Amino acid sequence: MMQNTNLNSTHDLNRQSWVGSANDHEHFPIQNLPFAVFKRKESKETFRVGVAIGDEIVDLVKLERCKLFNTSIQKSLKVCAQNSLNKFMSMGVDAWSKLRLVLSDGLTKGSPLEKTISSCLIPQSAAEYKLPAQIGDYTDFYTSIHHATNIGKLFRPDNPLLPNYQWLPIGYHGRSSSIDVSGQTFARPTGQTKAPDAAEPSFGPAKRLDYELEVGIFVGKGNEIGERISIDDTDNHIFGLCLLNDWSARDIQAWEYQPLGPFLSKNFATTISPWIVTTEALAPYRTPWHREEGHPQPVSYLESDKNRAQGGFDVELEVLIETQQMRDNNQAPQRLSRSNFKHSYWTVAQMLAHHSVGGCNMQAGDLLGSGTQSGPDISEAGALIELTSGGKNPITLNNGEVRTFLEDGDTIIMKGWCEAVDNQRPRIGFGEVVGTLLSARI
Ligand code: MN
């Protein structure tokens with residue numbers, strides 16, 4: 001296996017924290033250190049940046065006031081007083097990496113800073129979150145060939161995979177205003193739908209409401225308009241990853257999507273997890289990427305040895321449903337499917353290289369969606385439209401309820417994590433993203 005040159009002491013498997021809950025934490029051990037924007041629940045505090053460690057949050061504003069570090073670190077901490085990560089994101093990979101190192105060292109068992117830093121901890125159970133960044137632009141890709149083929153068969157039985165799919169990462173410009181953090185609730189959207197055999201469309205609440213299991217990708221440092229981000233430079237521009245649920249109204253989508261792509265079927269709500277796991281934290285979980293023989297090989301701006309060596313991310317993904325009836329009867333949420341981001345046909349590096357190749361300027365806080373991450377097996381599908389074959393094969397839940405698409409009151413929970421491998425890497429996680437569908441407004 002190729003030596004991973006991106007690893008440093010912050011990834012050390014043996015590193016333990018003086019924050020007891022961090023050691024063997026399923027999401028936030030000391031090797032993770034993800035970022036969020038938070039405040040104390042129901043307080044009048046202002047939102048600010050924090051870093052997760054075990055069950056706690058390091059309040060970076062409080063930490064800045066302790067004046068523990070050199071000028072460049074203090075400068076990074078100072079911008080964390082803002083209610084978004086945009087400014088820190090725009091500072092670039094050196095600033096991100098230096099702050100991660102001092103936080104990791106300071107949180108390590110035996111650190112002389114233990115007493116001071118412990119005064120900056122707030123329990124996650126006492127916190128509420130907002131969007132981690134002010135998202136200027138949002139672009140949703142379509143990078144799982146399994147999803148594209150499954151859904152293509154439903155929308156176009158004779159022609160599931162369009163010819164451009166294997167040549168470029170397909171995407172559309174989405175809507176950032178309706179993106180919210182985990183906990184989002186939204187009304188069932190209303191719009192035009194048309195049954196295949198109907199002469200005219202009808203207007204009303206969507207009947208085929210779905211989720212999409214996706215990874216969100218936050219741009220850190222941007223590029224100037226007219227410049228492009230080369231595929232080998234993308235790691236310097238990707239701040240980190242989160243979980244993303246791209247809620248979708250399939251009946252609205254089927255009628256509106258040609259010829260310019262999804263519009264109202266996607267723009268009513270998108271939910272992301274509060275914690276962004278940084279690209280650096282994900283270094284031990286990079287995987288090789290390859291394009292199977294018989295498929296077109298990438299054109300030059302989408303091709304590189306580095307991308308082939310480590311373009312993928314080995315992130316386990318899971319979707320669960322909690323219906324109103326489950327809540328009423330105190331039943332645990334039920335898993336609908338499990339998948340992995342490493343199956344993606346296009347990598348994060350290819351997405352960003354493609355997005356900017358014509359000179360489009362990316363900005364700090366821009367969000368890219370990976371597209372629904374369905375695995376090779378149908379049980380790994382990341383959306384109900386695939387799991388139920390377009391609604392033809394309903395799912396019977398353990399409590400006897402039946403679903404083709406989502407019902408009012410359904411909550412969808414998505415989880416993500418990178419699994420431990422003995423003596424090579426610990427487990428780190430993304431936490432979860434939760435969202436609930438409410439009834440349509442009349
Ligand atoms: Mn999507």
Side-chain angles (χ1 to χ4, degrees), residues 135 137-156 160-162 164-165 168-180 182 184 186 189 191 206 208-219 241-258 260-273 313 315 317-319 336-337 339-341 343-348 350-352 354-355 366-375 380-388 390 405-406 412-414 416 430 433 435 437:
I135 300 164
D137 277 300
Y138 163 52
T139 303
D140 196 24
F141 283 91
Y142 194 49
T143 66
S144 162
I145 196 168
H146 310 295
H147 172 71
T149 306
N150 293 341
I151 207 164
K153 275 182 199 155
L154 296 167
F155 281 84
R156 295 174 306 277
L161 206 60
L162 295 171
N164 55 6
Y165 188 85
L168 54 85
I170 301 288
Y172 65 95
H173 288 113
R175 183 78 191 165
S176 56
S177 63
S178 51
I179 304 174
D180 206 349
S182 184
Q184 184 175 27
F186 61 92
R208 292 159 69 93
L209 214 291
D210 203 352
Y211 57 81
E212 292 193 336
L213 170 64
E214 302 197 21
V215 173
I217 299 137
F218 269 104
V219 174
L241 309 186
C242 66
L243 303 171
L244 187 153
N245 184 350
D246 176 23
W247 303 97
S248 300
R250 300 301 182 191
D251 42 357
I252 296 175
Q253 185 178 358
W255 170 232
E256 75 175 3
Y257 88 105
Q258 288 181 320
L260 292 185
F263 188 34
L264 272 63
S265 56
K266 304 278 191 171
N267 73 4
F268 54 92
T270 305
T271 319
I272 64 170
S273 59
F313 288 92
V315 181
L317 300 165
E318 183 181 41
V319 186
L336 291 172
S337 69
S339 184
N340 191 301
F341 191 28
H343 299 308
S344 184
Y345 194 76
W346 297 101
T347 64
V348 171
Q350 288 168 324
M351 283 182 239
L352 190 59
H354 181 66
H355 204 310
D366 283 354
L367 180 65
L368 312 181
S370 65
T372 309
Q373 292 303 306
S374 299
E380 299 168 299
L384 280 175
I385 191 171
E386 294 168 73
L387 290 173
T388 67
F405 290 94
L406 297 174
I412 291 293
I413 303 155
M414 295 176 179
F430 287 73
V433 57
L437 170 65

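Values reported hereafter were calculated over all heavy atoms of this structure, with side chains retained and with hydrogens, waters and symmetry mates removed. Fair warning: this is a prediction, and the values are worked out from it, not measured in the lab. The residues of the chain are indexed from 1 along the displayed sequence. Counting convention: from 1, in listed order, for ligands and their atoms alike.
Classification of the F313-F341 ring pair by plane angle, with boundaries at 30° and 60°, yields parallel.
Angle OD2(D246) to the Mn ion (ligand 1) to OD2(D140): 80° [nearest 10 degrees].
The N, O or S atom of E212 with the smallest distance to the Mn ion (ligand 1) is OE1. The N, O or S atom of E214 with the smallest distance to the Mn ion (ligand 1) is OE2.
The environment of CZ in F155 is crowded: more than 12 heavy-atom neighbours from other residues, nucleotides or ligands sit within 6.0 Å.
Side-chain atoms of Y345 and I170, non-hydrogen and from C-beta on, never get closer than 4.5 Å to each other.
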Q | Residue pair E386, S374: steps toward the side-chain hydrogen bond (donor to acceptor under 3.5 Å, both in side chains) verdict | A | CA-CA 9 Å; E386 294 168 73; S374 299; 2.9 Å; yes
